[in-house]
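Throughout, protein chains are lettered first and strands after them, A, B, ... in sequence-line order, and every chain is numbered starting at 1.
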There are 2 protein chains.
Amino acid sequence: MTTEQAFTHAALIRQAIEQQISSGLLRPGHKLPSERDLSELFATTRITLKEALQALEAEGKIYREDRRGWFVAPPRLLYNPQYKSHFHQMVTAQQRQVETAVLSAQTVLATPALCQELELPALSRLHEIQRLRRIDGRVVLFVRHYLKPEIFPGILAMDLTQSLTLIYETHYGLSYGRSRFDIIPTAARGEVAQALMLGEGSPILLISRVNFDQDGRLIDCDQEYWRHDAIRISIDSSLVTPPFPLEK
Amino acid sequence: MTTEQAFTHAALIRQAIEQQISSGLLRPGHKLPSERDLSELFATTRITLKEALQALEAEGKIYREDRRGWFVAPPRLLYNPQYKSHFHQMVTAQQRQVETAVLSAQTVLATPALCQELELPALSRLHEIQRLRRIDGRVVLFVRHYLKPEIFPGILAMDLTQSLTLIYETHYGLSYGRSRFDIIPTAARGEVAQALMLGEGSPILLISRVNFDQDGRLIDCDQEYWRHDAIRISIDSSLVTPPFPLEK
DNA sequence: GAGTGGTCTAGACCACTGA
DNA sequence: CAGTGGTCTAGACCACTCT
């Protein structure tokens, strides 16, 4: 009753693979055999096998790269969004390797949703910076930054593979003070799915932030699309009385 | 290039259903036709149809209850884990209906993981309270609380359908001060899957908290298993300098 | 008891990856 | 170019829900 019963074929396959992983026979990053080989090994069809793999994927034990196959998942990165740290340092503090690639950097027309989020008038312009982060060589994060152009003149011409936090400090004398962030489990689509090497509709974690500087001025926002299996968010917080009425 | 191209059969089906929902023809809570009917409607097989439905599910647009069918998803609940509020009030403040059911309340032997989390010696005992929350009639949250028995004598005999926060205050003079919480996208298994009416391996969001009282004493912890499509976590926080070294 | 979703079989073709 | 994953077909049986 406490331990789980699993009689379906797919569940048995899942457990078998799970044990191979937890026993250490399959190590993080290891590629699993092809779906055809595995389905033959477990005497089943690819569809049934796929179901087992998808359950392990949802749990974060294995992951898939679009059209490349299945791999054993590395441990999750610990991520505290309250730290005003440079991403690079957060990762290296966990003995992991990090790379950043700039996908695009341009000035765009703010969408209605962005205007609202950033408290802008209609038809405003924003700097958009799209970047991709790898940890230990694996793509885990696609980020879209939107900066207020009047606060960050000329930033698009700089080397944007380095930490934005660092550029803010050294070139503009700004540092983050406060943030509001939303965390939403959703699915990857289009550009996001492609960048993260995910199939359309794969579950991901979206962290949407609005950031204020040390003087409480709204300066930028970003949308972080994480592979759902790549992180564990950890937050330490004193609790506050909510703004809505608390009657007994 | 900006809008998504979708040529697979499954993607076309997804879009069609998506439009029916966003147009308001299918309202939250509405049950979709049977998979057989839908697959006939779209001139495809159940497997292909299912793929379309699963993508919409991952995105949180529709949801499934095990063996009952597919439904249009209601809007996500806004959830701020920093609020020391009674769950009931947080939900009603958003004009939603809430119900709480107690699944079990007993004293159990603390698992090794729990001993570590709660800084307990080996072979400690804990009060375990398992509850299920519904919003607007829909099961969205399964919670396991673990309380230190010496701090909460006799609590298991009380009416546990009401707010624990309230019981803490009125019967024990305690209120929450600080919390540490981890947020982990993972998959439902066994008891959790059953309670949430999910299939084995469905993606869920686990929020694991450790709570301290107003004097900084560790008093309890809980594991909240949320339907991934039921919430949007919203946190407002001042940013802090991380504990690990920040060299340039 | 009818209908539904859960599970599974046994194939197939295409587009892409990687050698 | 061989092999792989992505996608799809056309069925089937069982266990469960709901009326």
Side-chain angles (χ1 to χ4, degrees), chain A residues 4-17 29-58 62-72 137-139 187-190 193-194 196-202, chain B residues 4-15 17 30-58 62-72 137-139 187-190 193-194 196-202:
Chain A
E4 112 205 53
Q5 40 165 25
F7 294 115
T8 69
H9 204 164
L12 292 171
I13 297 170
R14 175 173 62 62
Q15 290 185 329
I17 298 177
H30 217 103
K31 185 176 188 308
L32 295 185
S34 78
E35 292 184 1
R36 283 176 178 81
D37 285 356
L38 284 173
S39 56
E40 192 183 349
L41 181 64
F42 291 107
T44 184
T45 58
R46 273 178 73 201
I47 296 207
T48 301
L49 174 88
K50 209 156 197 159
E51 211 159 308
L53 295 176
Q54 279 168 348
L56 287 167
E57 180 188 31
I62 63 176
Y63 69 97
R64 171 175 26 178
E65 287 188 6
D66 202 43
R67 286 173 193 283
R68 295 203 344 111
W70 295 90
F71 303 83
V72 178
R138 174 189 175 211
V139 174
R189 281 296 168 69
Q194 278 192 340
L196 291 174
M197 300 211 276
L198 291 169
E200 288 283 324
S202 297
Chain B
E4 110 206 52
Q5 40 166 24
F7 294 115
T8 70
H9 203 164
L12 291 172
I13 298 170
R14 174 171 64 62
Q15 291 185 329
I17 298 177
H30 216 104
K31 186 175 188 307
L32 296 185
S34 78
E35 292 184 0
R36 283 177 179 81
D37 286 356
L38 284 173
S39 57
E40 193 183 348
L41 181 63
F42 291 106
T44 184
T45 59
R46 274 178 71 201
I47 295 206
T48 301
L49 174 88
K50 208 155 198 159
E51 211 159 308
L53 295 176
Q54 279 167 347
L56 287 167
E57 180 187 31
I62 64 175
Y63 68 97
R64 171 173 28 177
E65 287 188 3
D66 202 44
R67 283 172 195 287
R68 296 204 341 112
W70 296 90
F71 304 84
V72 177
R138 174 189 175 210
V139 175
R189 282 293 169 70
Q194 279 194 341
L196 291 175
M197 300 210 277
L198 291 169
E200 289 283 325
S202 297

Length of the [atom1]-[atom2] vector between [X] and [N], whole Å:
{"X": "A:F71", "N": "C:dG18", "atom1": "CZ", "atom2": "C1'", "result": "12 Å"}
{"X": "B:L49", "N": "D:dT7", "atom1": "CG", "atom2": "P", "result": "15 Å"}
{"X": "A:L12", "N": "C:dT7", "atom1": "CG", "atom2": "P", "result": "12 Å"}
{"X": "A:K50", "N": "C:dG6", "atom1": "NZ", "atom2": "P", "result": "19 Å"}
{"X": "B:E200", "N": "C:dT7", "atom1": "CD", "atom2": "C1'", "result": "14 Å"}
{"X": "A:R14", "N": "C:dT7", "atom1": "CZ", "atom2": "C1'", "result": "15 Å"}
{"X": "B:Y63", "N": "C:dG5", "atom1": "OH", "atom2": "P", "result": "14 Å"}
{"X": "A:R64", "N": "C:dC16", "atom1": "CZ", "atom2": "P", "result": "17 Å"}

Checklist entry - At their closest point, which heavy atom of A:H9 faces which heavy atom of A:T44, and how far apart are they? => result CE1-CB, 3.7 Å
Checklist entry - Which heavy atom of B:A193 sits nearest a heavy atom of B:G199, and at what distance? => result CB-O, 4.1 Å
Next on the checklist: Counting primed atoms plus P, OP1 and OP2 as sugar-phosphate and everything else as base, spell out the protein contacts along nucleotides 9-19 of chain D at 4.0 Å heavy-atom distance: B, S or - for each nucleotide, 5' to 3'.
Outcome noted: BB-BB--SSS-
Under 3.5 Å donor-acceptor pairs involving side-chain atoms of residues 46-56 of chain B, not counting sequence neighbours:
{"from": "B:R46", "atom 1": "NE", "to": "B:E35", "atom 2": "OE1", "distance (Å)": "3.3"}
{"from": "B:R46", "atom 1": "NH2", "to": "B:E35", "atom 2": "OE1", "distance (Å)": "3.3"}
{"from": "B:T48", "atom 1": "OG1", "to": "B:T45", "atom 2": "OG1", "distance (Å)": "3.3"}

Item to check | By ring pair (Phe, Tyr, Trp, His ring centres under 6.0 Å) - contacts of B:F71 (at least two apart) | outcome: B:Y63
Checklist outcome for this item: Quick note, A:E51 side chain, CB onward, closest among C:dG5, D:dG5, C:dT7 is C:dT7
Checklist entry - If you measure from CD1 on A:I17 to CD1 on A:I62, what distance do you get to the nearest 0.5 Å? => result 6.0 Å
Next on the checklist: If we ignore hydrogens and angles and just use 3.5 Å, is the side chain of B:E65 paired with the main-chain N or O of B:W70 as donor and acceptor?
Outcome noted: no
